[in-house]
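Given the structure is predicted, the values throughout are model-derived calculations rather than measurements. Numbers here simply count residues along the sequence, with the first being 1.
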Amino acid sequence: LTVKADIDAAAGQGNQNAFELVDEKAVVSNTTQLTFNKPIVGASLQIANATAGTATIERNGTLADPKIGDKQATICQFKISAANEKLSFKSISLRIAGTASTNDVQNFTLKRGATELGTVKTVNAKNLAVLTISGNEELEDGGNAIYMVNADIMATTDPNDTVQCYLEESTDLVLLGTVYGYGAQVVKTNFGTSTTGNSVTAKGGQVTLTLKGPTSGNIAKNAKDQSF
């Protein structure tokens, strides 16, 4: 198991921090017997006098509404900007919300331009599309890049169902600094809720029914093959 935490920007230089399990009450398990060799203490880490990189994510552009049955329709588009150091993009877990069922949106693909960076078939139990970068994707210090997420809008989707996409938690975006190797601080002010994130509406085809006859009249009893 790995335990991670965010370091506040106001953390004082020289401060030391460590994780510790003090007794068996800190462990929740369905096992019938738990052997606990206390205390369990992790390594003590000291705050250095260096500023880690910062990644700012924000919604980008206006998306066209997809049609029901569309393959690889763009449901999400965002920009990530790097500051303080060069960043290596590792993964992003996007919250998929809206009125559409989770089964109605599948086969997610993360792209930068025409380059495919990662895929996942469906959302997980927390309605997150977890997209892991398969190659080397870096952002220069002071630079930015625009990314899009495409998905299939399944035929089971109802007309006017919505699909929302945003970054629910800062820890759902992982970029590592290439200088210090630590995770970048994430700023998601303009992409952290269903309001500030992306939202598209599934559109269905339109069918118009009109009367083509026959004209009103009388039909004899026991008549065969009569048009209505």
Side-chain angles (χ1 to χ4, degrees), residues 6 9 52-68 70-102 104-120 122-124 126-134 137-154 157 159-177 183-203:
D6 294 338
T54 299
T56 301
I57 184 171
E58 55 190 320
R59 184 177 63 190
N60 178 264
T62 301
L63 303 182
D65 290 327
K67 294 183 177 62
I68 296 173
D70 275 357
K71 301 294 185 182
Q72 293 301 288
T74 301
I75 62 167
C76 192
Q77 185 166 295
F78 54 89
K79 180 173 73 173
I80 298 178
S81 303
N84 298 329
E85 63 176 318
K86 185 178 180 179
L87 301 177
S88 179
F89 190 5
K90 296 301 182 182
S91 69
I92 186 169
S93 300
L94 292 165
R95 176 76 157 83
I96 306 300
T99 58
S101 166
T102 54
D104 291 336
V105 189
Q106 298 185 18
N107 300 319
F108 300 88
T109 304
L110 175 66
K111 302 181 74 174
R112 179 180 180 180
T115 303
E116 183 178 299
L117 301 175
T119 62
V120 67
T122 59
V123 298
N124 64 16
K126 295 183 178 181
N127 292 335
L128 295 174
V130 181
L131 295 151
T132 302
I133 309 301
S134 57
E137 175 64 15
E138 295 183 335
L139 290 87
E140 296 292 337
D141 183 6
N144 62 73
I146 295 173
Y147 301 92
M148 67 182 68
V149 175
N150 298 340
D152 295 344
I153 308 300
M154 309 305 287
T157 309
N160 298 319
D161 272 355
T162 58
V163 181
Q164 298 170 337
C165 176
Y166 58 96
L167 189 74
E168 188 171 35
E169 302 289 345
S170 297
T171 50
D172 289 335
L173 175 60
V174 179
L175 296 100
L176 300 182
Q185 179 184 2
V186 174
V187 179
K188 62 180 185 71
T189 306
N190 295 320
F191 199 67
T193 66
S194 59
T195 302
T196 57
N198 291 116
S199 180
V200 294
T201 302
K203 299 298 184 182

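Rounding to the nearest 0.5 angstrom, the gap separating the OG1 atom in Thr122 from the CD1 atom in Ile96 is 11.0 Å. Here the CD1 atom belonging to Ile133 is positioned 9.0 Å from the OG atom belonging to Ser88, to the nearest 0.5 angstrom. Annotation: the span from Thr109 atom OG1 to Gln72 atom CD amounts to 3.5 Å, rounded to 0.5 Å. A distance of 5.5 Å separates CD1 in Ile75 from SG in Cys165, rounded to the nearest 0.5 Å. Here Leu117 contributes atom CG and Ser91 contributes atom OG; the two are 12.0 Å apart, rounded to the nearest 0.5 Å. Thr189 contributes atom OG1, which lies 9.5 Å from atom CD of Glu58 (distance to the nearest 0.5 angstrom).
Proximity of a side-chain donor or acceptor of Asp152 to a complementary backbone N or O of Met154 within less than 3.5 Å is not detected. Formation of a donor-acceptor pair under 3.5 Å by the Asn60 side chain with backbone atoms of Gln77 is not found in this model. No donor-acceptor pair under 3.5 Å is formed between the side chain of Glu168 and the backbone N or O of Ser93. Remark: the backbone N or O of Gly53 is paired with a side-chain donor or acceptor of Glu85 at under 3.5 angstrom. Distance alone, capped at 3.5 Å, is enough to place a donor-acceptor pair between the Thr99 side chain and the Thr162 backbone. Listed for the Asp141 side chain is a donor-acceptor partner under 3.5 Å among the backbone atoms of Asn84. Side-chain atoms of Thr119 do not come within 3.5 Å of backbone N or O of Phe108 as any donor-acceptor pair.
Nearest heavy atoms, Ala202 versus Thr157: CB-CG2, 3.7 Å. The shortest heavy-atom contact between Ala82 and Leu139 is CB-CB, 3.9 Å. Minimum interatomic distance between Thr201 and Asn160 (heavy atoms only, all atoms of both residues): CG2-CA, 3.5 Å. Among all heavy-atom pairs drawn from Ile68 and Pro159, the shortest one is CD1-N, 3.6 Å. When all heavy atoms of Lys79 and Ser81 are compared, the pair lying nearest together is CE-OG, 4.0 Å. The shortest non-hydrogen separation linking Ala73 to Ile153 is CB-CG1, 4.3 Å.
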**Chi angles and distances behind the side chain to side chain contact (heavy atoms under 4.5 Å, CB included) call for Thr196, Tyr166** = CA-CA 8 Å; Thr196 57; Tyr166 58 96; 5.6 Å; no
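Taking the six-membered ring where the residue is Trp, Phe78 and Phe191 present tilted rings, their angle falling between 30° and 60°.
Checked options Asn144, Leu87, Val186, Ile57; the residue passing with Ile80 is Ile57 (criterion: side chain to side chain contact (heavy atoms under 4.5 Å, CB included)).
Salt-bridge formation is detected for the pair Glu140/Lys86: a Lys NZ or Arg NE/NH1/NH2 atom is positioned less than 4.0 Å from an Asp or Glu carboxylate oxygen.
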